[in-house]
Amino acid sequence: MRRVAATLLLSLTSLFAFAQTEGPEFIYEVACDLIADGISHESDVYYPDTKQYATDNSHWALSSTINSTCTVEPGTAEDVGKILLVLGLTRTPFGIKGAGHTANPGYSATPGVQIAMTRFTQVTYDAEAGVAGVGAGNIWDNVYAGLEPYNVGVVGGRVSGIGVAGFTLGGGYSFKSNQYGLTIDTVVGFEVVLPSGIVVNATASENPELFFGLKGGFNNFGIVTTFYLQTHPQTEVWGGIIITTNVDDDVVAATQKFYDNVNDPKAAILTTFNYDASIGMNITEMTLYYNAPTPPEGMFDDFLGLTSISQNISTRSYLSLILATIEGSNGLRGYFHTVSLYDYSTTLLNAIVNETQFWRGQLESDVPELFISYDVEPILPSVFSHGTDSAWPPSRENGILPLNIYYAWASPDNDTLINQIMVQSAEYLTQIAVAEGQDIAQTSLYPNYAIYNTTMERIYAGNLPRLREVKAKYDPFNVMSLSGGWKF
Ligand SMILES: Cc1cc2nc3c(=O)[nH]c(=O)nc-3n(C[C@H](O)[C@H](O)[C@H](O)COP(=O)(O)OP(=O)(O)OC[C@H]3O[C@@H](n4cnc5c(N)ncnc54)[C@H](O)[C@@H]3O)c2cc1C
Ligand SMILES: *[C@@H]1O[C@H](CO)[C@@H](O)[C@H](O)[C@H]1NC(C)=O
Ligand SMILES: *[C@@H]1O[C@H](CO)[C@@H](O)[C@H](O)[C@H]1NC(C)=O
Ligand SMILES: *[C@@H]1O[C@H](CO)[C@@H](O)[C@H](O)[C@H]1NC(C)=O
Ligand SMILES: *[C@@H]1O[C@H](CO)[C@@H](O)[C@H](O)[C@H]1NC(C)=O
Ligand SMILES: *[C@@H]1O[C@H](CO)[C@@H](O)[C@H](O)[C@H]1NC(C)=O
Ligand SMILES: *[C@@H]1O[C@H](CO)[C@@H](O)[C@H](O)[C@H]1NC(C)=O
Ligand SMILES: CC(=O)N[C@H]1CO[C@H](CO)[C@@H](O)[C@@H]1O
C-alpha cells in the first residue's frame with residue numbers, strides 16, 4: 001500500500017516538473033483526468049462545449065462565473081472524497097457550488113476544477129425526530145416543496161432560486177428568523193467530506209468544534225453533502241409582493257411604523273428601494289409575510305393602502321410566497337455589500353433612499369445598465385437569542401439587522417468603480433447610524449452580504465483564533481484554501 005503511494009508521489013514530482021514548462025493549466029487538466037478515472041458511475045466530469053459544463057459554471061451574477069478547466073458533478077459523498085484527494089495532491093484550485101448565488105467573484109468558481117453539487121437533491125423527513133435531511137445541491141424552493149406534504153417547514157430563503165448550501169453555511173436570514181433564529185440555529189447536523197476524503201457527521205456531540213465552525217464558516221473545513229434541519233409545523237401563510245413607484249415617503253413611513261410597532265415574531269417585511277436605469281424608473285418592492293393564513297387585523301394596512309403598480313398578496317403555501325418574488329439577475333454583473341444595523345429610524349431610511357438617487361445621478365451616464373438596490377430587512381433585535389455558539393455571528397449580544405446593498409451593471413470595465421462606490425456608500429450609512437447613537441462602527445458584517453476585500457476581522461472578529469484551530473485540526477494541509485471564499 002505504502003509502495004503504491006510512494007510511486008504515486010514520484011509521478012507527482014515529474015508532474016510538477018512538466019508544469020514548470022507547460023503552465024499550471026496542464027496540472028488542472030491532469031486533475032480532471034485523474035478525477036474522471038477515479039470516480040464511480042454515480043458521478044461525471046464535463047468539459048467545455050457541453051451543456052452540463054455551462055450549467056455547472058453558471059452563477060446568478062455574471063461576474064461570479066469563471067470558465068473552469070472541467071466540471072465535476074459528484075453523486076456520492078465517497079466520490080466527493082476522491083475528488084478532494086486528487087485536488088489536494090495536485091494542488092489544483094477548485095470551486096464548490098451550491099446554487100451559485102454568491103456575488104463575490106471566485107467564491108464558488110475557479111479556473112481549475114468546478115465541483116457542482118447539483119446531484120445532492122434529496123429532501124427527506126424523519127417525522128419522529130422532526131428533522132429534514134437536505135442535500136447540498138438543493139435550492140430552497142425544492143425543500144419547501146418536499147416538506148409541504150408533511151405540513152412542516154424550515155427556516156430558509158426568502159427568494160426563489162437560492163442555494164441551501166451557501167445560505168446555511170453563512171448564517172441564513174429568513175422570514176422565520178424572528179420565530180426561530182438564523183438557519184444555522186436550526187441545523188442539528190452536517191454530513192461533511194473532509195480534505196482527507198473521510199466522511200463524518202458534525203453535531204453538538206460528534207465533532208462539536210467542526211459543528212461550531214460550519215455554522216457560518218462556509219468551505220474552510222470540507223464539503224458538506226447533507227444538512228440536517230429542525231422542522232416546524234407549517235400552515236398556509238399570508239403575504240406576497242407590492243411594487244410601487246415614486247411614493248417613497250409613504251413607503252418610508254409605513255416601513256418605520258411597522259418596525260416601531262410590530263413585535264409579533266410571525267410577521268416580517270422586506271422593503272427594497274431600487275433604481276433601474278434600463279427603464280429609467282424608481283421601483284420600490286415590498287414583501288409582506290405572516291406565518292398564518294390570516295394576519296392580525298390592521299397589521300399591514302399602511303402597505304396595502306399604498307398606490308401600487310402591482311400587487312400579488314394572498315393566503316398561499318410557503319413555496320407560493322417564495323415564487324411570487326422577482327429577483328432575476330438579468331444576466332448582469334452584480335455585487336452585494338452590507339451595513340450591520342441595530343435599529344432603524346426615519347432619518348436612516350431617508351438617507352438610504354437618498355443613496356439610490358445620489359449614486360444613480362453620479363453613475364448613470366457612465367455605467368451601462370445600472371441597477372441599484374438598497375434592501376431594508378427590519379427583523380427583531382432578539383434574532384440571535386434562538387441559538388448559541390457559532391462561527392458567525394462572533395457575538396450574540398446584539399441582534400444584527402443587515403441592510404443589503406446590491407448593484408448590477410453590464411461592463412467589466414466598471415467592476416472596480418462599483419466595488420469602491422458600494423464600500424463608500426456603506427461607510428456613509430454607517431456614519432449616519434453612528435451619529436444617531438448606534439454603536440455599529442466595528443460591528444461584524446454578515447458574510448453572505450459582505451463584499452470581497454472585507455477583512456476577516458470585520459466578519460469573524462474574536463472567533464478567528466478558535467476557527468483557525470478548528471481548521472488546523474480538520475484541514476492540516478490547507479487543501480480548502482485552493483477554493484475561494486472567506487478564508488481563515
Ligand atoms: C436573489 C438573492 C436573494 C438572497 N436572499 C437572501 C436572504 O433572504 N437571506 C440570506 O441570508 N441570504 C440571502 N442571499 C444571500 C445568499 O445567502 C448567498 O448568496 C448564499 O451564499 C447563496 O448560497 P448558494 O449555495 O446559492 O451560493 P454558492 O455561490 O454556490 O456558494 C456560496 C459559498 O458557499 C460555499 N459552498 C457552497 N456549497 C458548499 C458545500 N456543499 N460545502 C462547503 N461549501 C459550500 C461556496 O464554495 C461559496 O464560498 C440572497 C442572495 C441572492 C442572490
Ligand atoms: C466561457 O466560455 C464561453 C464559450 O466559449 C464564452 O461564451 C464565455 O464568454 C466565457 N465566459 C467567461 C466568464 O469567460
Ligand atoms: C450522518 O448521520 C446521518 C443521520 O443520522 C446518517 O444517516 C449518516 O449515515 C451519517 N453519516 C456518517 C458518515 O456517519
Ligand atoms: C425618483 O425619485 C426621486 C425622489 O426620490 C425623484 O426626484 C426622481 O425624479 C424620480 N425619478 C424618476 C425617473 O422618476
Ligand atoms: C403571483 O405569484 C404566483 C406565484 O406564487 C404566480 O404564479 C402568479 O403569476 C403571480 N401573479 C401575478 C399577477 O404576478
Ligand atoms: C445624499 O447622499 C450623498 C452621498 O452619500 C450625501 O453626500 C448627501 O449629503 C446626501 N443628501 C441628503 C439630503 O441626505
Ligand atoms: C464604465 O464602463 C463603460 C463601458 O465599458 C466605460 O465606457 C466607462 O469608462 C467605465 N467607467 C468607469 C469609471 O469605470
Ligand atoms: C485593495 C484590495 O485588497 N484589493 C483586492 C480585492 O480583492 C481582489 C480579488 O480578491 C484582489 O485581487 C485585490 O488585490
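Both ligands and their constituent atoms are indexed starting at 1 by order of listing. For the single chain, residues carry numbers from 1 onward in sequence order.
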Could you tell me if the ring centre of [X] sits under 6.0 Å from that of [Y]?
| X | Y | answer |
| --- | --- | --- |
| Phe300 | Trp238 | yes |
| Trp409 | Tyr335 | yes |
| Tyr374 | Phe273 | no |
| Trp359 | Tyr275 | no |

Practice problem: Using the ring of Tyr318 (Phe, Tyr or Trp, six-membered ring only), decide whether Lys176 places NZ or CZ under 6.0 Å from its centre and within 45 degrees of its axis. | Solution: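 Yes.
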
Quiz prompt | Numbered atoms of ligand 5 (with element) below 4.0 Å of Asn312, judged on heavy atoms | solution =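 What qualifies from ligand 5 is 1 (C), 2 (O), 3 (C), 8 (C), 10 (C), 11 (N), 12 (C), 14 (O).
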
Exercise. Identify, by atom number and element, the atoms of ligand 5 in contact range of Ser320, meaning under 4.0 Å from any of its heavy atoms.
Key: 4 (C), 5 (O)

Quiz item: Which atoms from ligand 6 have a heavy atom of Glu355 less than 4.0 Å away?
Solution: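 Every atom of ligand 6 under 4.0 Å from some heavy atom of Glu355: 2 (O), 3 (C), 4 (C), 5 (O).
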
Quiz item: Which of the numbered atoms in ligand 6 are below 4.0 angstrom from a heavy atom of Phe358?
Solution: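 Close to Phe358: 2 (O), 3 (C), 4 (C).
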
Quiz item: Of Ile421, Val353, Asn354, which has the heavy atom at the shortest distance from atom 2 (O) of ligand 6?
Solution: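 Going through Ile421, Val353, Asn354 one by one, Asn354 has the nearest heavy atom to atom 2 (O) of ligand 6.
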
Exercise. Going by heavy-atom distance to atom 8 (C) of ligand 4, choose the closest among Thr245, Asp249, Asn282.
Key: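 When every heavy atom of Thr245, Asp249, Asn282 is considered, Asn282 comes closest to atom 8 (C) of ligand 4.
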
To which protein heavy atom is [atom] closest, and what is the distance rounded to 0.1 Å?
| atom | value |
| --- | --- |
| atom 9 (O) of ligand 6 | Tyr428 OH, 3.6 Å |
| atom 13 (C) of ligand 4 | Gly280 O, 3.2 Å |
| atom 5 (O) of ligand 4 | Gln357 CG, 3.9 Å |

Quiz item: Do you see a donor-acceptor pair shorter than 3.5 Å between the side chains of Tyr107 and Asn219?
Solution: no

Self-check item: Minimum heavy-atom distance between Tyr342 and Asp439, given as atom pair plus value
Solution: CE1-O, 3.5 Å

Quiz item: Hey, is ligand 4 close enough to Asn246 that some N/O pair sits below 3.5 Å?
Solution: yes

